[in-house]
Amino acid sequence: MDFQYWNEHFEKMPRRELEAWQLERLRETVGHALRTPFYQKRLTEAGIKNPASIQTLADLQRIPFTGKQDLREGFPYGFLSIPREAVVRLHASSGTTGIPTTIYFSRDDINRWTSFVARCIYGTGCTKADVFQNMITYGLFTGGLGFHAGGEEVGMLVIPSGAGNTTRQFRLMQDFGTTVVHATPSFLLHVESKMKEEGVRRDSLALKRAFAGAEPYSEDTRRRIEELLAIDVYNSYGLSEMNGPGVAFECQCKNGLHLWEDGYIAEIINPDTLEPAAEGERGELVLTVLCREATPILRYRTRDLTGFMPGPCPCGRTHRRLYRITGRSDDMLIINGVNVFPSQIEEVIMAMKEVGNNYVIEVEKDGVLDRLTVKTEVTPESFMDDTRPLNALKEKIRHTLQASITINPRVELHESGSLPVSEGKAQRVLDKRAKDV
Ligand code: AMP
Ligand code: ZN
(Lines give C-alpha, C1' and ligand atoms only; values in the text may rest on other atoms or scores of the structure.)
(Ligands and ions follow the chains in the order given, each with its own letter.)
Protein backbone atom coordinates (compact mmCIF):
# COMPACT_ATOMS: atom_id res chain seq x y z
CA MET A 1 0.00 0.00 0.00
CA ASP A 2 1.25 3.48 -0.82
CA PHE A 3 1.03 5.64 2.27
CA GLN A 4 0.95 9.41 2.07
CA TYR A 5 1.95 11.71 4.93
CA TRP A 6 0.84 15.29 5.46
CA ASN A 7 3.81 16.00 7.70
CA GLU A 8 6.22 13.11 7.34
CA HIS A 9 8.79 14.65 9.67
CA PHE A 10 6.41 14.61 12.61
CA GLU A 11 4.35 11.56 11.67
CA LYS A 12 7.43 9.32 11.46
CA MET A 13 9.48 11.02 14.14
CA PRO A 14 11.56 8.54 16.16
CA ARG A 15 10.09 8.00 19.63
CA ARG A 16 13.00 9.56 21.45
CA GLU A 17 12.75 12.77 19.44
CA LEU A 18 8.99 12.75 19.83
CA GLU A 19 9.34 12.54 23.60
CA ALA A 20 11.89 15.36 23.65
CA TRP A 21 9.43 17.46 21.66
CA GLN A 22 6.64 16.55 24.10
CA LEU A 23 8.75 17.61 27.07
CA GLU A 24 9.46 20.99 25.51
CA ARG A 25 5.81 21.54 24.64
CA LEU A 26 4.70 20.36 28.09
CA ARG A 27 6.93 22.95 29.75
CA GLU A 28 5.55 25.60 27.44
CA THR A 29 1.98 24.46 28.21
CA VAL A 30 2.60 24.56 31.96
CA GLY A 31 3.84 28.12 31.41
CA HIS A 32 0.54 29.00 29.67
CA ALA A 33 -1.40 27.22 32.41
CA LEU A 34 0.27 29.22 35.15
CA ARG A 35 -1.21 32.31 33.57
CA THR A 36 -4.79 31.05 34.03
CA PRO A 37 -6.64 31.69 37.30
CA PHE A 38 -7.55 28.01 37.65
CA TYR A 39 -4.10 26.45 37.17
CA GLN A 40 -2.30 29.28 38.95
CA LYS A 41 -3.89 27.96 42.11
CA ARG A 42 -4.02 24.24 41.25
CA LEU A 43 -0.41 23.99 40.08
CA THR A 44 1.07 26.14 42.83
CA GLU A 45 -0.67 23.94 45.39
CA ALA A 46 0.95 20.93 43.73
CA GLY A 47 4.37 22.58 44.05
CA ILE A 48 4.68 23.49 40.39
CA LYS A 49 5.50 27.18 40.42
CA ASN A 50 7.16 27.54 37.05
CA PRO A 51 7.78 25.53 33.86
CA ALA A 52 11.24 24.54 35.13
CA SER A 53 9.51 22.36 37.74
CA ILE A 54 8.90 19.96 34.85
CA GLN A 55 12.25 18.24 34.35
CA THR A 56 11.19 15.03 32.63
CA LEU A 57 7.98 13.65 31.15
CA ALA A 58 7.53 11.67 34.36
CA ASP A 59 6.92 14.98 36.15
CA LEU A 60 3.56 15.05 34.42
CA GLN A 61 2.44 12.70 37.20
CA ARG A 62 2.85 15.53 39.71
CA ILE A 63 0.11 17.52 37.97
CA PRO A 64 -3.39 16.85 39.34
CA PHE A 65 -6.11 15.64 36.97
CA THR A 66 -8.58 18.10 35.49
CA GLY A 67 -12.23 17.06 35.26
CA LYS A 68 -15.30 18.34 33.46
CA GLN A 69 -16.52 19.79 36.73
CA ASP A 70 -13.32 21.87 37.00
CA LEU A 71 -13.97 23.26 33.54
CA ARG A 72 -17.51 24.19 34.53
CA GLU A 73 -16.33 25.86 37.68
CA GLY A 74 -13.79 27.80 35.67
CA PHE A 75 -16.50 29.16 33.38
CA PRO A 76 -16.24 31.58 31.66
CA TYR A 77 -12.60 32.74 31.74
CA GLY A 78 -10.89 30.64 34.43
CA PHE A 79 -8.91 28.65 31.86
CA LEU A 80 -8.00 31.51 29.56
CA SER A 81 -4.28 32.22 29.43
CA ILE A 82 -3.98 34.94 26.80
CA PRO A 83 -5.50 38.43 26.59
CA ARG A 84 -9.13 38.35 25.46
CA GLU A 85 -8.14 40.43 22.44
CA ALA A 86 -5.89 37.61 21.19
CA VAL A 87 -8.75 35.09 21.16
CA VAL A 88 -10.29 34.57 17.73
CA ARG A 89 -12.84 31.81 18.36
CA LEU A 90 -14.58 29.74 20.99
CA HIS A 91 -16.24 26.34 20.91
CA ALA A 92 -18.36 24.67 23.55
CA SER A 93 -19.04 21.07 24.36
CA SER A 94 -22.31 19.76 22.97
CA GLY A 95 -23.24 17.94 26.16
CA THR A 96 -23.48 20.93 28.37
CA THR A 97 -26.13 23.52 28.42
CA GLY A 98 -26.56 25.65 31.49
CA ILE A 99 -22.89 26.02 32.34
CA PRO A 100 -20.99 25.02 29.23
CA THR A 101 -17.36 24.05 29.00
CA THR A 102 -15.84 26.60 26.72
CA ILE A 103 -12.57 26.39 24.83
CA TYR A 104 -10.86 29.48 23.41
CA PHE A 105 -8.47 29.57 20.47
CA SER A 106 -5.84 32.04 19.30
CA ARG A 107 -5.14 32.37 15.59
CA ASP A 108 -2.10 30.09 16.00
CA ASP A 109 -4.18 27.57 17.95
CA ILE A 110 -6.66 27.34 15.09
CA ASN A 111 -3.82 26.86 12.61
CA ARG A 112 -2.23 24.10 14.67
CA TRP A 113 -5.56 22.34 15.16
CA THR A 114 -6.32 22.62 11.43
CA SER A 115 -3.03 21.04 10.51
CA PHE A 116 -3.75 18.04 12.76
CA VAL A 117 -7.13 17.56 11.08
CA ALA A 118 -5.49 17.91 7.65
CA ARG A 119 -2.98 15.25 8.70
CA CYS A 120 -5.83 12.85 9.55
CA ILE A 121 -7.68 13.48 6.31
CA TYR A 122 -4.62 13.24 4.08
CA GLY A 123 -3.49 10.05 5.84
CA THR A 124 -6.60 8.25 4.57
CA GLY A 125 -5.53 8.88 0.99
CA CYS A 126 -7.52 12.05 0.25
CA THR A 127 -6.02 14.71 -2.00
CA LYS A 128 -7.03 18.09 -3.35
CA ALA A 129 -8.85 16.29 -6.15
CA ASP A 130 -11.47 15.15 -3.61
CA VAL A 131 -14.87 16.72 -2.98
CA PHE A 132 -15.66 16.66 0.73
CA GLN A 133 -19.20 16.95 2.07
CA ASN A 134 -19.16 17.69 5.78
CA MET A 135 -22.48 16.19 6.92
CA ILE A 136 -22.11 17.12 10.56
CA THR A 137 -23.52 19.88 12.75
CA TYR A 138 -21.81 23.25 12.35
CA GLY A 139 -21.83 25.76 15.19
CA LEU A 140 -20.44 25.46 18.69
CA PHE A 141 -19.77 21.76 18.05
CA THR A 142 -16.17 21.36 16.85
CA GLY A 143 -16.87 18.70 14.23
CA GLY A 144 -18.26 21.19 11.70
CA LEU A 145 -15.68 23.95 11.54
CA GLY A 146 -12.82 21.62 12.57
CA PHE A 147 -13.24 19.25 9.63
CA HIS A 148 -14.17 22.12 7.36
CA ALA A 149 -10.86 23.88 7.95
CA GLY A 150 -8.88 20.61 7.75
CA GLY A 151 -10.50 19.76 4.43
CA GLU A 152 -9.68 23.16 2.98
CA GLU A 153 -6.12 22.87 4.26
CA VAL A 154 -5.72 19.65 2.27
CA GLY A 155 -7.09 21.58 -0.69
CA MET A 156 -10.26 19.56 -1.17
CA LEU A 157 -13.44 21.20 -2.38
CA VAL A 158 -15.41 21.44 0.87
CA ILE A 159 -19.21 21.46 0.88
CA PRO A 160 -20.47 22.71 4.27
CA SER A 161 -23.73 20.78 4.02
CA GLY A 162 -24.18 20.30 7.76
CA ALA A 163 -26.16 17.38 9.20
CA GLY A 164 -29.65 16.20 8.35
CA ASN A 165 -31.87 16.54 5.28
CA THR A 166 -30.83 13.49 3.31
CA THR A 167 -32.66 14.54 0.14
CA ARG A 168 -30.54 17.68 -0.03
CA GLN A 169 -27.42 15.69 0.85
CA PHE A 170 -28.02 13.34 -2.10
CA ARG A 171 -28.55 16.26 -4.46
CA LEU A 172 -25.30 17.88 -3.37
CA MET A 173 -23.47 14.56 -3.77
CA GLN A 174 -24.82 14.15 -7.27
CA ASP A 175 -24.38 17.76 -8.38
CA PHE A 176 -20.80 18.12 -7.21
CA GLY A 177 -19.50 14.56 -7.35
CA THR A 178 -18.81 14.19 -3.63
CA THR A 179 -16.09 11.62 -2.96
CA VAL A 180 -15.69 11.93 0.83
CA VAL A 181 -18.15 12.56 3.65
CA HIS A 182 -17.91 13.13 7.38
CA ALA A 183 -20.81 12.13 9.65
CA THR A 184 -21.73 10.21 12.74
CA PRO A 185 -21.90 6.46 12.07
CA SER A 186 -25.63 6.50 12.86
CA PHE A 187 -26.25 9.21 10.28
CA LEU A 188 -24.31 7.21 7.69
CA LEU A 189 -26.58 4.24 8.30
CA HIS A 190 -29.57 6.54 8.03
CA VAL A 191 -28.24 7.89 4.73
CA GLU A 192 -28.04 4.35 3.42
CA SER A 193 -31.63 3.50 4.30
CA LYS A 194 -32.83 6.81 2.81
CA MET A 195 -30.92 6.04 -0.36
CA LYS A 196 -32.98 2.91 -0.81
CA GLU A 197 -36.19 4.70 0.13
CA GLU A 198 -35.61 7.57 -2.27
CA GLY A 199 -34.33 5.34 -5.05
CA VAL A 200 -30.91 7.00 -5.22
CA ARG A 201 -28.69 4.74 -7.27
CA ARG A 202 -25.23 4.01 -5.93
CA ASP A 203 -23.74 4.49 -9.39
CA SER A 204 -25.08 8.07 -9.44
CA LEU A 205 -22.65 8.83 -6.59
CA ALA A 206 -18.87 9.10 -6.63
CA LEU A 207 -18.44 8.29 -2.91
CA LYS A 208 -15.21 6.61 -1.88
CA ARG A 209 -14.63 7.33 1.80
CA ALA A 210 -16.27 8.44 5.02
CA PHE A 211 -14.91 9.73 8.29
CA ALA A 212 -17.14 8.54 11.13
CA GLY A 213 -16.94 9.61 14.74
CA ALA A 214 -18.43 11.68 17.59
CA GLU A 215 -20.02 8.56 19.09
CA PRO A 216 -18.95 4.99 19.83
CA TYR A 217 -19.59 2.32 17.24
CA SER A 218 -18.44 -1.21 16.72
CA GLU A 219 -16.23 -2.83 14.12
CA ASP A 220 -19.36 -4.61 12.86
CA THR A 221 -21.08 -1.28 12.33
CA ARG A 222 -18.08 0.00 10.40
CA ARG A 223 -18.14 -3.08 8.20
CA ARG A 224 -21.88 -2.75 7.67
CA ILE A 225 -21.53 0.86 6.50
CA GLU A 226 -18.60 -0.05 4.28
CA GLU A 227 -20.48 -2.88 2.63
CA LEU A 228 -23.82 -1.12 2.25
CA LEU A 229 -22.35 2.07 0.83
CA ALA A 230 -19.30 0.46 -0.85
CA ILE A 231 -16.86 2.91 0.73
CA ASP A 232 -13.94 2.96 3.16
CA VAL A 233 -14.86 4.16 6.65
CA TYR A 234 -12.24 5.70 8.94
CA ASN A 235 -12.71 6.11 12.67
CA SER A 236 -12.27 9.70 13.86
CA TYR A 237 -11.83 10.55 17.54
CA GLY A 238 -11.74 13.89 19.26
CA LEU A 239 -13.36 15.99 21.96
CA SER A 240 -13.89 19.69 22.34
CA GLU A 241 -11.68 19.94 25.42
CA MET A 242 -8.81 18.75 23.20
CA ASN A 243 -9.76 21.07 20.29
CA GLY A 244 -12.22 18.68 18.68
CA PRO A 245 -11.54 16.29 15.79
CA GLY A 246 -7.91 15.55 14.95
CA VAL A 247 -6.84 13.96 18.25
CA ALA A 248 -6.72 10.36 17.00
CA PHE A 249 -7.56 8.91 13.60
CA GLU A 250 -7.18 5.75 11.62
CA CYS A 251 -4.63 5.51 8.84
CA GLN A 252 -5.17 3.39 5.74
CA CYS A 253 -4.46 0.23 7.75
CA LYS A 254 -7.78 0.84 9.55
CA ASN A 255 -6.52 -0.92 12.63
CA GLY A 256 -6.40 1.41 15.63
CA LEU A 257 -6.36 5.20 15.81
CA HIS A 258 -3.01 7.00 15.74
CA LEU A 259 -3.01 9.48 18.58
CA TRP A 260 -0.97 12.51 17.53
CA GLU A 261 1.62 12.57 20.24
CA ASP A 262 3.29 15.75 19.03
CA GLY A 263 0.04 17.55 19.92
CA TYR A 264 -1.26 15.55 22.89
CA ILE A 265 0.12 13.49 25.75
CA ALA A 266 -2.01 10.42 26.38
CA GLU A 267 -2.17 8.30 29.51
CA ILE A 268 -4.39 5.36 30.36
CA ILE A 269 -5.52 5.14 33.97
CA ASN A 270 -7.65 2.80 36.01
CA PRO A 271 -10.82 4.91 36.50
CA ASP A 272 -11.37 3.49 39.98
CA THR A 273 -7.91 3.74 41.50
CA LEU A 274 -6.71 6.58 39.22
CA GLU A 275 -3.39 4.72 38.98
CA PRO A 276 -1.70 4.29 35.60
CA ALA A 277 -2.99 1.18 33.84
CA ALA A 278 -0.46 -1.58 33.33
CA GLU A 279 1.25 -1.82 29.95
CA GLY A 280 -1.29 -2.96 27.37
CA GLU A 281 -4.22 -2.75 29.78
CA ARG A 282 -7.39 -0.84 28.94
CA GLY A 283 -8.74 1.97 31.05
CA GLU A 284 -9.71 5.63 30.89
CA LEU A 285 -7.92 7.94 28.52
CA VAL A 286 -6.35 11.05 30.06
CA LEU A 287 -5.14 13.76 27.71
CA THR A 288 -2.97 16.86 27.90
CA VAL A 289 -3.14 19.32 25.04
CA LEU A 290 0.29 20.50 23.85
CA CYS A 291 -0.73 22.59 20.89
CA ARG A 292 -2.98 25.27 22.37
CA GLU A 293 -1.92 28.45 24.11
CA ALA A 294 -5.30 30.10 24.75
CA THR A 295 -6.84 27.30 26.85
CA PRO A 296 -4.25 24.92 28.26
CA ILE A 297 -5.79 21.78 29.77
CA LEU A 298 -3.59 19.37 31.65
CA ARG A 299 -4.34 15.70 32.36
CA TYR A 300 -7.98 15.89 31.35
CA ARG A 301 -10.05 12.87 32.36
CA THR A 302 -11.88 12.15 29.09
CA ARG A 303 -13.95 9.30 30.63
CA ASP A 304 -13.44 7.44 27.36
CA LEU A 305 -12.44 3.82 27.71
CA THR A 306 -9.66 2.50 25.48
CA GLY A 307 -6.02 1.39 25.60
CA PHE A 308 -2.82 1.48 23.60
CA MET A 309 -2.39 -1.15 20.93
CA PRO A 310 0.92 -2.96 21.05
CA GLY A 311 3.46 -2.93 18.25
CA PRO A 312 4.20 -0.64 15.34
CA CYS A 313 1.76 0.14 12.53
CA PRO A 314 2.68 -0.98 9.01
CA CYS A 315 2.14 2.62 7.81
CA GLY A 316 5.42 3.66 9.46
CA ARG A 317 3.92 6.31 11.72
CA THR A 318 5.53 6.26 15.15
CA HIS A 319 2.54 7.62 17.06
CA ARG A 320 0.88 5.00 19.21
CA ARG A 321 -2.54 3.64 18.30
CA LEU A 322 -5.64 3.55 20.47
CA TYR A 323 -8.18 0.78 20.35
CA ARG A 324 -11.65 1.76 19.21
CA ILE A 325 -13.33 3.57 22.12
CA THR A 326 -15.78 1.13 23.67
CA GLY A 327 -17.69 3.34 26.08
CA ARG A 328 -17.37 5.78 28.95
CA SER A 329 -16.59 5.52 32.63
CA ASP A 330 -19.32 8.03 33.52
CA ASP A 331 -23.02 8.16 32.74
CA MET A 332 -22.87 10.47 29.74
CA LEU A 333 -25.10 9.22 26.93
CA ILE A 334 -24.31 9.92 23.31
CA ILE A 335 -27.56 10.12 21.40
CA ASN A 336 -27.23 10.55 17.64
CA GLY A 337 -23.85 12.13 18.26
CA VAL A 338 -25.07 14.58 20.90
CA ASN A 339 -23.74 14.30 24.45
CA VAL A 340 -26.41 14.19 27.11
CA PHE A 341 -26.03 13.74 30.84
CA PRO A 342 -29.03 12.16 32.60
CA SER A 343 -28.66 14.95 35.17
CA GLN A 344 -29.58 17.52 32.51
CA ILE A 345 -32.86 15.72 31.91
CA GLU A 346 -33.49 15.43 35.64
CA GLU A 347 -32.89 19.13 36.13
CA VAL A 348 -35.54 20.01 33.55
CA ILE A 349 -38.27 17.65 34.64
CA MET A 350 -37.79 18.01 38.36
CA ALA A 351 -38.18 21.76 38.06
CA MET A 352 -41.80 21.23 36.98
CA LYS A 353 -44.23 21.05 39.83
CA GLU A 354 -46.67 18.77 37.98
CA VAL A 355 -44.00 16.09 37.64
CA GLY A 356 -43.88 13.34 40.26
CA ASN A 357 -40.84 11.77 41.84
CA ASN A 358 -40.00 8.94 39.59
CA TYR A 359 -38.77 9.00 36.03
CA VAL A 360 -37.02 6.73 33.56
CA ILE A 361 -34.80 7.65 30.65
CA GLU A 362 -34.83 5.14 27.82
CA VAL A 363 -32.59 5.09 24.79
CA GLU A 364 -33.16 2.61 22.01
CA LYS A 365 -32.52 2.11 18.35
CA ASP A 366 -35.22 3.37 16.01
CA GLY A 367 -34.08 1.98 12.68
CA VAL A 368 -30.49 3.18 12.52
CA LEU A 369 -30.93 6.27 14.65
CA ASP A 370 -31.20 6.54 18.42
CA ARG A 371 -34.46 7.42 20.09
CA LEU A 372 -34.79 8.97 23.51
CA THR A 373 -37.92 8.44 25.58
CA VAL A 374 -38.44 10.21 28.89
CA LYS A 375 -41.09 8.64 31.10
CA THR A 376 -42.16 10.62 34.11
CA GLU A 377 -44.74 10.23 36.79
CA VAL A 378 -47.27 12.99 37.26
CA THR A 379 -48.46 14.19 40.65
CA PRO A 380 -51.93 12.82 41.60
CA GLU A 381 -53.38 16.37 41.42
CA SER A 382 -52.26 16.73 37.83
CA PHE A 383 -53.32 13.27 36.72
CA MET A 384 -56.93 13.84 35.78
CA ASP A 385 -59.33 12.17 33.46
CA ASP A 386 -59.30 15.14 31.18
CA THR A 387 -56.48 14.51 28.75
CA ARG A 388 -56.12 18.08 27.52
CA PRO A 389 -54.05 19.44 30.39
CA LEU A 390 -51.96 16.27 30.30
CA ASN A 391 -51.25 16.69 26.62
CA ALA A 392 -50.27 20.28 27.26
CA LEU A 393 -47.93 19.16 30.05
CA LYS A 394 -46.40 16.54 27.81
CA GLU A 395 -45.76 19.13 25.16
CA LYS A 396 -44.27 21.51 27.72
CA ILE A 397 -41.86 18.84 28.97
CA ARG A 398 -40.88 17.87 25.43
CA HIS A 399 -40.31 21.45 24.41
CA THR A 400 -38.29 22.39 27.50
CA LEU A 401 -36.18 19.26 27.24
CA GLN A 402 -35.47 19.89 23.61
CA ALA A 403 -34.39 23.45 24.38
CA SER A 404 -32.00 22.09 26.99
CA ILE A 405 -30.48 19.00 25.40
CA THR A 406 -31.09 19.84 21.70
CA ILE A 407 -32.64 16.40 21.15
CA ASN A 408 -36.33 15.94 20.56
CA PRO A 409 -37.45 13.27 23.05
CA ARG A 410 -40.62 11.25 23.22
CA VAL A 411 -42.38 11.98 26.48
CA GLU A 412 -44.64 9.55 28.31
CA LEU A 413 -46.66 10.52 31.38
CA HIS A 414 -47.43 7.90 33.98
CA GLU A 415 -49.67 7.82 37.00
CA SER A 416 -47.95 8.44 40.30
CA GLY A 417 -46.39 5.25 41.70
CA SER A 418 -46.65 3.32 38.45
CA LEU A 419 -43.05 3.44 37.25
CA PRO A 420 -40.79 0.70 38.60
CA VAL A 421 -38.91 1.51 41.79
CA SER A 422 -35.66 -0.34 42.29
CA GLU A 423 -34.60 -1.47 45.72
CA GLY A 424 -31.04 -0.31 45.62
CA LYS A 425 -29.55 2.47 43.56
CA ALA A 426 -32.23 3.94 41.31
CA GLN A 427 -32.01 2.56 37.80
CA ARG A 428 -33.18 5.56 35.89
CA VAL A 429 -31.33 5.09 32.64
CA LEU A 430 -32.17 2.20 30.36
CA ASP A 431 -29.84 2.09 27.40
CA LYS A 432 -31.33 -0.59 25.19
CA ARG A 433 -29.05 -0.01 22.22
CA ALA A 434 -27.06 -3.11 21.30
CA LYS A 435 -23.80 -2.97 23.18
CA ASP A 436 -21.81 -4.65 20.46
CA VAL A 437 -18.80 -2.36 20.74
P1 AMP B 1 -17.61 16.56 22.04
O2 AMP B 1 -16.78 17.23 23.10
O3 AMP B 1 -18.99 17.05 21.97
O4 AMP B 1 -16.91 16.57 20.74
O5 AMP B 1 -17.75 15.02 22.48
C6 AMP B 1 -16.60 14.25 22.66
C7 AMP B 1 -16.95 12.84 23.08
O8 AMP B 1 -17.58 12.12 21.99
C9 AMP B 1 -15.73 12.01 23.40
O10 AMP B 1 -15.26 12.25 24.71
C11 AMP B 1 -16.24 10.61 23.20
O12 AMP B 1 -16.98 10.17 24.33
C13 AMP B 1 -17.19 10.76 22.02
N14 AMP B 1 -16.51 10.38 20.76
C15 AMP B 1 -15.98 11.20 19.84
N16 AMP B 1 -15.45 10.50 18.82
C17 AMP B 1 -15.63 9.18 19.10
C18 AMP B 1 -15.29 7.95 18.44
N19 AMP B 1 -14.66 7.91 17.26
N20 AMP B 1 -15.62 6.80 19.06
C21 AMP B 1 -16.25 6.82 20.27
N22 AMP B 1 -16.61 7.93 20.92
C23 AMP B 1 -16.30 9.11 20.35
ZN1 ZN C 1 -0.84 3.52 10.72
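As the structure lists them, so they are numbered: ligands from 1, and atoms in each ligand from 1. Everything quoted here is computed from the prediction, not taken from an experiment.
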What atoms of ligand 1 come closer than 4.0 angstrom to any heavy atom of [X]?
X	answer
R328	10 (O), 12 (O)
S240	1 (P), 2 (O), 4 (O)
I325	21 (C)
S236	16 (N), 17 (C), 18 (C), 19 (N)
I334	8 (O), 12 (O), 13 (C)

- Message: Between ligand 1 and Y217, is the shortest N or O to N or O distance under 3.5 Å?
- Response: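 No, since none of the N or O atoms of Y217 sits under 3.5 Å from an N or O of ligand 1.
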
- Item | ligand 1 to T302 polar contact by distance, N or O atoms, under 3.5 Å |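 T302 vs ligand 1: no N/O contact under 3.5 Å.
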
- Query: If you leave out waters, which protein N, O or S atoms are less than 2.8 Å from the Zn ion (ligand 2)?
  - Reply: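 Near the Zn ion (ligand 2), the protein supplies C251 SG, H258 NE2, C313 SG, C315 SG.
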
Inspect the contact between [Y] and [X] and indicate whether a charged nitrogen and a carboxylate oxygen are less than 4.0 angstrom apart.
X	Y	value
E8	K12	yes
E219	R222	yes
E28	R25	yes

For [X] and [Y], test the side chains for any donor-to-acceptor distance below 3.5 angstrom and give the result as yes or no.
X	Y	value
S404	Q344	no
T167	E198	yes
E241	Y300	yes
N243	Y264	yes
T114	N111	no

Check each heavy atom of [X] against ligand 1 and say whether those closer than 4.0 Å belong to the side chain, the backbone, both or neither.
X	result
L239	both
L257	neither
E215	backbone

- Message: Please enumerate all residues that pass side chain to side chain donor-acceptor pair (under 3.5 Å) together with R371, with sequence neighbours excluded.
- Response: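 E364.
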
- Query: Among L298, I63, D70, which residue meets the side-chain contact (heavy atoms from CB on, under 4.5 Å) test with R42?
  - Reply: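 It is D70, the one option of L298, I63, D70 that forms the side-chain contact (heavy atoms from CB on, under 4.5 Å) with R42.
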
- Approximate separation, where rounding is to 0.5 Å, of I361 CD1 and F341 CZ: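 These two atoms lie 12.5 Å from each other.
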
- Are any of the heavy atoms in A214 under 4.0 Å away from ligand 1?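 Yes, A214 has a heavy atom closer than 4.0 Å to ligand 1.
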
